[in-house]
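Below is one structure, written out as structure tokens; the observations come after it.
We name chains A, B, ... by the order of the sequence lines, and we start the count at 1 in each one.
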2 protein chains.
Amino acid sequence: MGTRTDHHAIEPATWLRQNGLRATHARIAIVRILDASPVPLTLAEIHEKVRSEGCDFATVFRFVSILEEKELVQRVAWIDGTTRHEIRARDGHHHHHYLICRTCQKVEPLDECVVERFENQIARERGYSGLSHSLQLSGVCPECQKPGAKARKKRGPTTP
Amino acid sequence: MGTRTDHHAIEPATWLRQNGLRATHARIAIVRILDASPVPLTLAEIHEKVRSEGCDFATVFRFVSILEEKELVQRVAWIDGTTRHEIRARDGHHHHHYLICRTCQKVEPLDECVVERFENQIARERGYSGLSHSLQLSGVCPECQKPGAKARKKRGPTTP
DNA sequence: TTCAGTGCAAAACGTTTGCAACACA
DNA sequence: TGTGTTGCAAACGTTTTGCACTGAA
């Protein structure tokens, strides 16, 4: 089994600058953690793993928010109600699905995505575009696709 | 288009007693609201609809928790991060999927479930049983299926 | 009558923000 | 050096619990 980092030859610092972000100590640490994890993490879990480097929770919160705005990290509503965060792999995969044990909470990532094919079908039949999914299917409905429709509503935390 | 209640000839009070629950004014009101909604609701939304009957938020919280323990209501991690609750239909359907507009938040329920077939395949290949899904796939792993494995861990709020 | 169920209010928790000090470009 | 970033700490909103009163069985 390969690790997620196999796909990421690019150094965190380089990757950050490529995306127009400053490469600070805290940010590099956070990217490393996200990069190394095979499963989405909560903000608390990320903080737990970077606190040793003197990184504050607020920094985790704000930086992950920035990554999500730039769509470099994907927010996932986990089945237990927690909100988790997953870095987007740079190998073409945009998301993953998981098999979670209700008893021991073990998580197994699944490579396959059965929904994609269905997603295309739904998009065709209902006239939606830009569909994506993590839990439920979501997209933009015909009315909202019309030019001049109200601006896309921000989801999640925003940055100052 | 039919309403969800088409499937529910049983009166809320009768249904509650059948499931070993007391039929109080507040509980009947909450069941009615859940029954009538085509989409999962947040606790705040449920409370909003029953507050006119003098039903407290804590009552909504505790009663929905009881229904979830008895698996009469299913908890859903919504894509916007909210936690929602959906009553289990008594017509064989155990869950639904939804098409959500990112712009106007409109929700369209989808009848089809493409994951079921996949779920069976996963269950076979990985030795899982009792799989279900709403966002991620979940089930019980081989180790936890062994007789004498540790008791099933409670999810979500518990009752006193 | 009795005890489960409820309302009220406070506690616990997670998320979000303001501000002064700090560090990268 | 200057502006974006950070740590600290407080403000929020939501979830959860304790306790005394109430009402269904």
Closer to the 5' end of DNA chain D via nearest nucleotide, is it B:Thr83 or B:Ala23?
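Here B:Thr83 is the residue nearer the 5' end.
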
Carboxylate-amine/guanidinium contact B:Arg84 B:Glu45, below 4.0 Å:
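Looking at B:Arg84 and B:Glu45, the cut-off is met.
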
Whole Å only: how far is the [atom1] atom of [X] from the [atom2] atom of [N]?
X: B:Arg75; N: D:dT14; atom1: CZ; atom2: P; value: 16 Å
X: A:Phe63; N: C:dT15; atom1: CZ; atom2: C1'; value: 19 Å
X: B:Ile66; N: C:dA4; atom1: CD1; atom2: C1'; value: 9 Å
X: A:Leu43; N: C:dT17; atom1: CG; atom2: P; value: 13 Å
X: A:Asn19; N: D:dG4; atom1: CG; atom2: P; value: 18 Å
X: B:Glu69; N: D:dT16; atom1: CD; atom2: C1'; value: 14 Å
X: A:Arg17; N: C:dC24; atom1: CZ; atom2: C1'; value: 9 Å
X: A:Leu41; N: C:dG14; atom1: CG; atom2: P; value: 16 Å

The side chain of [X] lies closest to which of these nucleotides: [options]?
X: B:Arg27; options: C:dT6, D:dT5, D:dA25; answer: C:dT6
X: A:Arg22; options: D:dT17, D:dT3, C:dA4; answer: D:dT3
X: A:Phe61; options: C:dT16, C:dA25, C:dC8; answer: C:dT16

Considering only heavy atoms and no angle criterion, is a donor-acceptor pair shorter than 3.5 Å present between the side chain of A:Arg62 and the base of D:dG4?
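In this structure, the two groups form no donor-acceptor pair.
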
What nucleic acid atoms does A:Ala44 come within less than 4.0 Å of, heavy atoms only: base, sugar-phosphate, or nothing?
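Nothing, no heavy atom under 4.0 Å.
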
Identify whether any heavy atom of B:Ala58 sits under 4.0 Å from a base atom; if not, whether one sits that close to sugar-phosphate; answer base, sugar-phosphate or nothing.
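B:Ala58: base contact, heavy atoms under 4.0 Å.
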
So do A:Thr83 and A:Val76 actually touch side chain to side chain, heavy atoms under 4.5 Å?
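They are not in contact (no side-chain heavy atoms under 4.5 Å apart), so the answer is no.
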
Taking side chain as C-beta onward, heavy atoms only, is B:Leu16 less than 4.5 Å from B:Arg27?
yes

If the cut-off is 4.0 Å, is B:Thr24 near the phosphate of C:dT6, judged by side-chain N/O to OP1 or OP2?
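Yes.
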
Could you tell me whether the phosphate oxygens of C:dG5, OP1 or OP2, come under 4.0 Å of any side-chain nitrogen or oxygen in B:Thr59?
no

Rounded to the nearest 0.5 Å, what's the gap from CG on B:Leu34 to CZ on B:Phe63? Could you check?
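Those atoms lie 8.0 Å apart.
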
As an exercise, state the distance from CG of B:Leu67 to CZ of B:Arg88, rounded to the nearest 0.5 Å.
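Going from the CG atom of B:Leu67 to the CZ atom of B:Arg88 covers 12.0 Å.
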
Before you tell me yes or no, could you show the steps for B:Gln74 and B:His85 under side-chain hydrogen bond (donor to acceptor under 3.5 Å, both in side chains), namely the whole-Å CA-CA distance, both residues' side-chain angles and the distance that decides it to 0.1 Å?
CA-CA 6 Å; B:Gln74 184 156 13; B:His85 312 267; over 6 Å; no

Any sub-3.5 Å donor-acceptor pair from B:Thr59's side-chain atoms to B:Cys55's backbone N or O?
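Pair absent, no side-chain N/O of B:Thr59 close to backbone of B:Cys55.
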
Is there a residue in residues 46-57 of chain A whose heavy atoms reach under 4.0 Å of DNA chain D, and which residues are they?
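DNA chain D contact set from residues 46-57 of chain A: A:Gly54, A:Cys55, A:Asp56.
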
